[in-house]
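Computed from a prediction, not measured in an experiment: that's the story for all the values here.
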Amino acid sequence: MSDPGIGYRFMVDVDGKQLGAFTKIDGLGAKYDVTTVKEGGENTFVHLLPGRVTYENLKLTRPVDASSGALAAWFTEFQTELQRAGRLKPTSAAITAYGPNDKAAATWTLSDVVPVSYSGPSFEAGSTAVLVESLELAHHGFWSG
């Protein structure tokens, strides 16, 4: 049996528009603010009360390829649409993990996605390093299915 984590790649779609395949995605997580309440007279127990949930920003990274222009264009189009409409439109995204057999292993759907930053590659003459680009996205939650 092969290692199930070897050879994964991640496809990202925003409102049905494919942004391409990514090799690394960081930040798919959530955290509840938890308040502890000590009950009077009960010294061996503390109540845990969940509060707001916050979601981490996602940082997507990939090597530069033929679809890199489309990624930068999508980032720019978001700003153009924001200026035209004067408000954010609800945007959803889907991250699908594909295994070495090119079958979808899992999908996470994110709601109210907003681009935070785009970073193109760093260029250095004589370097043999792979050129990479990254995109950071904020969102209001995710679910897997």
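Side-chain contact between Trp74 and Lys17 is present, with at least one heavy-atom pair separated by less than 4.5 Å. Between Ser92 and Asp15 there is a side-chain heavy-atom pair separated by less than 4.5 Å. Between Thr36 and Leu48 the shortest side-chain heavy-atom distance falls below 4.5 Å. Ile95 is listed as a side-chain neighbour of Ile25, based on a closest heavy-atom distance under 4.5 Å. Taking 4.5 Å as the limit, some side-chain heavy atom of Phe45 sits within range of a side-chain heavy atom of His47. A 4.5 Å side-chain heavy-atom check between Lys24 and Arg9 finds every atom pair outside the cut-off.
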### Task
Step by step, work out the side-chain contact (heavy atoms from CB on, under 4.5 Å) result for Thr91 and Asp112.
CA-CA 5 Å; Thr91 303; Asp112 300 326; over 6 Å; no
Validation: residues 124-132 side-chain donor-acceptor distances under 3.5 Å, sequence neighbours left out:
from   : atom 1 : to     : atom 2 : distance (Å)
Ser127 : OG     : Ala129 : N      : 3.1

Residues 61-72 side chain polar contacts: donor-acceptor under 3.5 Å, at least two apart:
from  : atom 1 : to     : atom 2 : distance (Å)
Arg62 : NE     : Glu133 : OE2    : 2.8
Arg62 : NH1    : Leu19  : O      : 2.8
Arg62 : NH1    : Ser67  : OG     : 3.4
Arg62 : NH2    : Ser67  : O      : 3.2
Arg62 : NH2    : Ser67  : OG     : 3.4
Arg62 : NH2    : Glu133 : OE2    : 3.0
Asp65 : OD1    : Ser67  : N      : 2.9
Asp65 : OD1    : Ser67  : OG     : 2.8
Asp65 : OD1    : Ser68  : N      : 3.4
Ser68 : OG     : Asp65  : N      : 2.9
Ser68 : OG     : Asp65  : O      : 3.1
Ser68 : OG     : Glu133 : OE2    : 2.7

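Side-chain heavy atoms closer than 4.5 Å link hydrophobic residues (I, L, V, M, F, W, Y) into clusters, and following such links, even through other members, never connects Val34 to Val37.
For the 3.5 Å distance criterion, the side chains of Thr107 and Thr96 qualify, holding a donor opposite an acceptor.
The shortest non-hydrogen separation linking Glu56 to Gly27 is CB-O, 3.2 Å. Scanning all heavy atoms of the two residues, the minimum distance from Asp13 to Gln18 falls at OD1-CA, 3.1 Å.
Every pair tested for ring pair (Phe, Tyr, Trp, His ring centres under 6.0 Å) that includes a residue from residues 103-138 fails, sequence neighbours excluded, so the list is empty. Applying the ring pair (Phe, Tyr, Trp, His ring centres under 6.0 Å) test to every pair with at least one member in residues 17-40, sequence neighbours left out, gives no pairs at all.
Residues passing the salt bridge (Lys or Arg N to Asp or Glu O under 4.0 Å) test with Arg52: none are found, sequence neighbours excluded. Residues satisfying the ring pair (Phe, Tyr, Trp, His ring centres under 6.0 Å) criterion with Tyr55, sequence neighbours excluded, are His139, Phe142.
Here the NZ atom belonging to Lys59 is positioned 16.0 Å from the CG atom belonging to Leu28, to the nearest 0.5 angstrom. For the atom pair Asn57 CG and Leu135 CG, the distance stands at 10.5 Å (nearest 0.5 Å).
Among Leu58, Val14, Leu137, the single residue meeting the side chain to side chain contact (heavy atoms under 4.5 Å, CB included) criterion with Leu110 is Leu58.
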